[in-house]
Amino acid sequence: MLDLDALHYSPATAADPVLRGVTLSARNGQPVLIAGASGSGKTSLLEVISGLAGNQHGEIRWQGQAVNRQQRRWLCGIVFQFPERHFLGLSIQQELKLGQKRLGWEQQQHVLKRVGLADVDLSTPPERLSGGQQRRLALAVQLLRGAEVLLLDEPTAGLDWSVRREVLQLMSDLADERILIVVTHEPELFEGWLCDRHALLDGQLKPLITLP
């Protein structure tokens, strides 16, 4: 279980705190959806959880034990809204092998099948993949890292309905095995997705009421 306890965060470029006492519990088998308008602090929240940014106040606990920024960087894997901006490999295979010098063929094929990329040409440059495929590749990289907490920033943005439905199903499957937290400014795209729903308003998390 991952617990956030009264997190406060003020980026250096902001006059006021972006996060004000955020409290949340997340567990395997129950993905978490956090909705908020652009600029509400959703990405900042993921960066704090993942250790990319520090939290000035509050505590983050994993399985009941407080974890610092360095520990969270190993624990968490973040997939940004535009993952292609963060790819470093010249091909899919190179991207998978970054930091994975002993990556075997079977392990590589297993993770690609897990995210629905079993049939892709491994020599393909990541930038030539479709938006949905790029998100799947970014997820594959985090799975190879062994991330126990997956943090997804706008994972369905820009995808057509058929691809979006496939990505939602993939996220549900992955959430059975690890913590999964998704942020979005379009919660309506997740209608029917089984998850805990929250809204990030004025730097605080509140229950998200979905109207029928």
Side-chain angles (χ1 to χ4, degrees), residues 1-36 39-83 85-88 95-103 107 111 135 137-155 171 174-184 195-206:
M1 179 172 292
L2 181 74
D3 294 298
L4 316 181
D5 188 4
L7 292 186
H8 288 73
Y9 173 62
S10 299
T13 56
D16 299 315
V18 172
L19 305 177
R20 307 169 185 265
V22 170
T23 296
L24 175 72
S25 291
R27 63 188 185 278
N28 289 23
Q30 189 65 31
V32 174
L33 180 71
I34 298 174
S40 62
K42 303 185 304 299
T43 300
S44 293
L45 177 58
L46 296 189
E47 291 177 343
V48 169
I49 295 172
S50 68
L52 294 180
N55 51 298
Q56 279 82 2
H57 302 288
E59 187 175 66
I60 298 178
R61 296 186 297 275
W62 174 250
Q63 309 296 22
Q65 301 295 318
V67 283
N68 59 33
R69 286 181 66 180
Q70 184 175 4
Q71 290 170 320
R72 299 200 303 273
R73 287 173 184 170
W74 287 103
L75 178 70
C76 301
I78 185 168
V79 175
F80 290 100
Q81 179 177 357
F82 302 104
R85 298 177 182 177
H86 302 271
F87 292 142
L88 298 175
E95 188 66 30
L96 294 173
K97 287 189 173 182
L98 289 173
Q100 304 285 343
K101 294 181 179 180
R102 297 183 179 180
L103 179 64
Q107 184 183 10
V111 75
R135 287 170 172 84
L137 176 58
L139 280 170
V141 170
Q142 297 304 330
L143 293 179
L144 286 172
R145 286 186 57 243
E148 298 190 66
V149 179
L150 289 177
L151 308 169
L152 310 185
D153 190 358
E154 305 282 2
M171 291 191 299
L174 293 174
D176 289 336
E177 307 162 1
R178 53 188 53 80
I179 303 293
L180 191 142
I181 299 175
V182 176
V183 301
T184 181
C195 60
D196 289 337
R197 297 172 183 266
H198 305 269
L200 186 59
L201 300 170
D202 299 322
Q204 296 179 323
L205 285 183
K206 302 177 182 180

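Keep in mind that this is a model prediction, so the values were computed, not measured.
Partners of R69 by side chain to side chain contact (heavy atoms under 4.5 Å, CB included), not counting sequence neighbours, listed by chain and number: R72, R73. Remark: Q71 pairs with V67, N68 by the side chain to side chain contact (heavy atoms under 4.5 Å, CB included) rule, at least two apart or across chains. Looking at residues two or more places apart in sequence or on another chain, you find a side chain to side chain contact (heavy atoms under 4.5 Å, CB included) between D196 and R27, Q30, V32, H198.
Contact detail for G41 and V18: the closest heavy-atom pair is CA-CG1, 3.4 Å. Residue G54 comes nearest to Y9 through the heavy atom pair O-CD1, 2.8 Å, listed as atom of the first residue, atom of the second, then distance. In plain terms, the two heavy atoms of V48 and I60 that are nearest each other are O-CD1, 3.9 Å. Closest approach of D176 to N28, counting heavy atoms only: O-CB, 4.3 Å. Across A147 and G77, no two heavy atoms sit closer than the pair CB-N, 3.6 Å. Pairing each heavy atom of L151 with each of C76, the nearest pair is CD1-CB, 4.1 Å.
For the pairing with L24, the side chain to side chain contact (heavy atoms under 4.5 Å, CB included) check across L2, L45, L7, I34 returns one residue only, I34.
Other residues, nucleotides and ligands contribute more than 12 heavy atoms inside 6.0 Å of the NE2 atom of H86. For Q65, the CD atom is loosely surrounded, since the number of other residues' heavy atoms within 6.0 Å does not exceed 12.
Put simply, the side chain of T23 gets close to the backbone of A6: a donor and an acceptor are under 3.5 Å apart. Although no hydrogens or angles enter the test, the distance criterion places a donor-acceptor pair under 3.5 Å between the side chain of Q63 and the main chain of M1.
Atom CZ in F80 sits 13.5 Å away from atom CZ in R135 (nearest 0.5 Å). Rounded to the nearest 0.5 Å, atoms CD1 (I181) and CG (L4) are 6.0 Å apart.
Counting only residues at least two apart or on different chains, the side-chain hydrogen bond (donor to acceptor under 3.5 Å, both in side chains) pairs with a member in residues 40-51 are T43-D153. The stretch residues 4-26 participates, sequence neighbours left out, in these salt bridge (Lys or Arg N to Asp or Glu O under 4.0 Å) pairs: D5-R61. Within the structure, side-chain hydrogen bond (donor to acceptor under 3.5 Å, both in side chains) contacts touching residues 137-149 (residues at least two apart or in different chains) are Q142-R145.
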L96 vs L137, side chain to side chain contact (heavy atoms under 4.5 Å, CB included): CA-CA, chis, key distance, verdict: CA-CA 8 Å; L96 294 173; L137 176 58; 3.9 Å; yes

Evaluation steps, side chain to side chain contact (heavy atoms under 4.5 Å, CB included), between E154 and T184: CA-CA 5 Å; E154 305 282 2; T184 181; 3.3 Å; yes

Intermediate values then yes/no, side chain to side chain contact (heavy atoms under 4.5 Å, CB included), L150 and V79: CA-CA 8 Å; L150 289 177; V79 175; 5.6 Å; no

From CA spacing to verdict: side chain to side chain contact (heavy atoms under 4.5 Å, CB included), L139, L152: CA-CA 9 Å; L139 280 170; L152 310 185; 3.7 Å; yes

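Side-chain contact check for P155 versus M171: some heavy-atom pair is nearer than 4.5 Å. Here the side chains of L143 and R178 are in contact, with some heavy-atom distance below 4.5 Å.
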